[in-house]
J.: 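Please see the structure below; I have some questions.
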Amino acid sequence: MTAFPQTIHFTGLNTPVRTEASVRNLLVEGEIPSEIEGAFFRAVPDPAHPPMFDDDHILSGDGMIARFKFDHGAVDYDIRYVETARYAAEREARRALFGQYRNPFTDDPSVAGVDRTVANTTPLWHAGRLFMTKEDGRAYRVDPTTLDTLGAWDFGGALKSETMTAHSRIDPETGELFFFGYEADGECSRAIAYGIADRDGNLVREQWFDQPYGGMIHDFAITKSRAIFPIFPTTTDLERLRAGGPKWAHEQDLTCRVGIMPRDGDVTAMRWFEGAAGASAFHIMNAFDEGDRVHLDIFVSDTNAFPFMREAGGIQRGQQEIRGAFERWTFDLTKDGSSYEVRPLGPPGDMPRIRDADTGLPYSFGWYLTVNPNGPPPLPGGPVGMTFNMLIRIDVAHCGLDALALPPGHAISEPVHVPSAAPGHDGWLLAVVDRQVGDQAFASQLWVINAGAVGAGPVAKVHVPLPLRAQVHGTWVPATQLVLAKT
Ligand code: V55
Ligand code: FE
């Protein structure tokens, strides 16, 4: 294969860009609030080579790390490949050597045993170190100044798990990092590693337990006293992989499970709950304790949002036919049994964001993305083939909504939140907005939005002179933290 497949995964907004670039002094329309000082890091999957298989998709794209650096009202932009072992091997060969998404049995024999992760999902900042993460492998450390890749991260040799989630959680008060890795000891293994690193980045605990079935585990949550592991029935199968089949198939008849344990306790204290059959969720807004009741605020749908994971499970449902909601799941730990309470909090959506300071604590509001139910059709693009065109601020106590509806032909990526020093101010959101400017032509801007007044629209738009491929997740690192970067 010498060209990219002409599918949704490689055309339109998803057209590979494959360009490492640096641009100083992006043009700014409006004014950047002076308290926005720091770096917005973005994880962008962008395949360096045409894939070995035509049905490849965004989740396999080589991770690029992008950075918008805010410096006294000026904004600089940089994007570089994460030089994973996989990227290095393919660059040397000048072609793809790794086959299907998370199926090592489809790889070129020359790369047997080489780390397959593309580190393309979430930038993570902890204890003065920057990482790029993906759930199928260990994190890769990246220099936050040069964006040079510093290698795979095993906490100085301490980590046993071969994988680390792209959705770690940091306790805002203790600075501890909580994370897990599933398939911790190899392809299709049921072992989950649960890890805690202290505020200096030392791995202080790693415990292993087994999941109830071979499910994909994308996100998890902490409260002040508990760790919560939701598992959804999108499952893997070693024999299917050996036959060259897909990594994940959604099982509509299998129920979802939620494991809850004391956050600093022993994994043998895990208590398992059971929920709806066929349910699927990727992201959690937040979780918190109310005595012995645990609340989990989660974006749930009635089947898997990825078309190829539905198809592999024999589910014939169009993207527009998926039903979902933003729900609060409440687990009463004083009661026996495996059931929990479910109530709606808001309209369906995904890509939630809270103030980092609210992680694991009772909180008042958050933000997320959705498809405007009364708006123009969303642009095709992004990992599931359909982008978001509305930003919501939700007051979770009162289910109150404020929304920013984008004009036709616009798509918004997950925002990051920048706290404000002003009392009573919600802070700021930074989000990339792509818009269609021609048949196959797109332009990107970074919008700066008052987080307490999203409906009012951006206070500044930063123009980017090259198209940006769809981001997965992002993270904000204030200038006061960047200067503490470890060497
Ligand atoms: C997701 C993203 C991934 C992945 C698995 O958003 C799940 C969900 C960008 O990579 O490998
Ligand atoms: Fe995610």
Side-chain angles (χ1 to χ4, degrees), residues 9-10 14 16 41-47 51 56-66 81-82 84 86-87 98-104 115-124 131-140 163-169 179-183 187 214-221 229-236 241 246-250 280-286 298-301 303-310 312 319 322 324 349-354 368-369 381-388 413-416 469-475:
H9 304 285
F10 300 94
N14 287 341
F41 293 102
R42 311 173 75 219
V44 181
D46 199 328
D56 198 41
H57 48 69
I58 284 210
L59 304 188
S60 291
D62 293 293
M64 298 191 84
I65 181 153
Y81 274 107
V82 184
T84 59
R86 170 176 174 146
Y87 174 83
F98 293 80
Q100 300 275 9
Y101 175 65
R102 295 181 67 174
N103 187 341
D115 182 8
R116 296 184 97 251
T117 194
V118 283
N120 69 1
T121 311
T122 312
L124 165 69
F131 304 100
M132 281 283 277
T133 57
K134 186 179 183 73
E135 65 192 49
D136 67 350
R138 287 182 175 159
Y140 268 78
T163 62
M164 179 174 167
T165 178
H167 290 283
S168 298
R169 301 272 169 177
F179 67 94
F180 68 97
Y182 72 101
E183 301 196 351
E187 202 61 54
M216 176 179 193
I217 313 176
H218 188 66
D219 196 358
F220 92 131
F229 300 87
I231 301 177
F232 297 94
T234 300
T235 60
T236 191
L241 290 182
K247 171 73 181 172
W248 299 116
H250 193 67
S280 177
F282 284 89
H283 299 114
I284 293 160
M285 173 91 82
N286 201 8
I298 184 166
F299 294 85
V300 188
S301 51
T303 189
N304 194 300
F306 286 92
F308 50 88
M309 298 183 198
R310 291 197 298 278
Q319 207 63 20
I322 300 176
D350 206 358
M351 313 314 258
R353 182 61 66 181
I354 54 173
Y368 64 100
L369 305 180
V384 300
M386 201 172 89
T387 60
F388 294 110
S413 302
E414 181 185 83
V416 286
R469 204 170 191 248
Q471 159 197 332
V472 188
H473 298 293
T475 197

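None of these values were measured; they are calculated from a predicted model. Heads up: numbering here begins at 1 and tracks the sequence. Note that ligands are numbered from 1 as they come in the structure, with each ligand's atoms numbered from 1 the same way.
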J.: Do D115 and Y140 have a side chain donor and acceptor closer than 3.5 Å?
T.: yes
J.: Indicate the ring-plane relationship of Y101 and F308, choosing parallel, tilted or perpendicular according to the 30° and 60° boundaries.
T.: perpendicular
J.: Against heavy atoms of V472, which atoms of ligand 1 measure under 4.0 Å?
T.: 9 (C)
J.: Can you confirm whether T165 sits close enough to Y182 that some side-chain heavy atom of one is under 4.5 Å from a side-chain heavy atom of the other?
T.: no
J.: Taking the six-membered ring for Trp and the single ring otherwise, decide whether the centroids of F282 and H218 are under 6.0 Å apart.
T.: yes
J.: What atoms of ligand 1 come within less than 4.0 Å of a heavy atom belonging to N120?
T.: 9 (C), 10 (O)
J.: Let me see the working for H283 and D350 under side chain to side chain donor-acceptor pair (under 3.5 Å), right down to the final yes or no.
T.: CA-CA 7 Å; H283 299 114; D350 206 358; 2.9 Å; yes
J.: Enumerate the atoms of ligand 1 whose separation from the nearest heavy atom of Y101 is less than 4.0 angstrom.
T.: 4 (C), 5 (C), 11 (O)
J.: If you stand at the Fe ion (ligand 2) and look out to NE2 of H473 and NE2 of H167, what angle do those two lines make, to 10°?
T.: 100°
J.: I'd like the atom name of the N/O/S atom in H283 lying closest to the Fe ion (ligand 2).
T.: NE2
J.: Which residue and non-hydrogen atom of the protein lie closest to atom 2 (C) of ligand 1, and at what distance in Å?
T.: L59 CD2, 3.6 Å
J.: Less than 3.5 Å apart, any donor N or O on the side chain of K247 or N103 sitting next to an acceptor on the other?
T.: no
J.: So, taking the atom named CD in E135 and the one named CG in N120, what distance separates them when rounded to the nearest 0.5 Å?
T.: 9.5 Å
J.: So is R102 close enough to ligand 1, meaning a heavy atom under 4.0 angstrom away?
T.: no
J.: Check this for me - ligand 1, T121, N or O atoms closer than 3.5 angstrom, yes or no?
T.: yes
J.: I need the nearest protein heavy-atom contact for atom 1 (C) of ligand 1: residue, atom name and distance, please.
T.: H218 CE1, 3.3 Å
J.: Could you tell me which atoms of ligand 1, counted from 1 in the order shown, lie closer than 4.0 angstrom to a heavy atom of K134?
T.: 3 (C), 4 (C), 9 (C), 10 (O), 11 (O)
J.: Would you say the side-chain atoms of R353 pair up with the backbone N or O of P415, donor to acceptor, closer than 3.5 Å?
T.: yes
J.: Report, in ascending order of atom number, the atoms of ligand 1 lying under 4.0 Å from any heavy atom of M216.
T.: 5 (C), 7 (C)
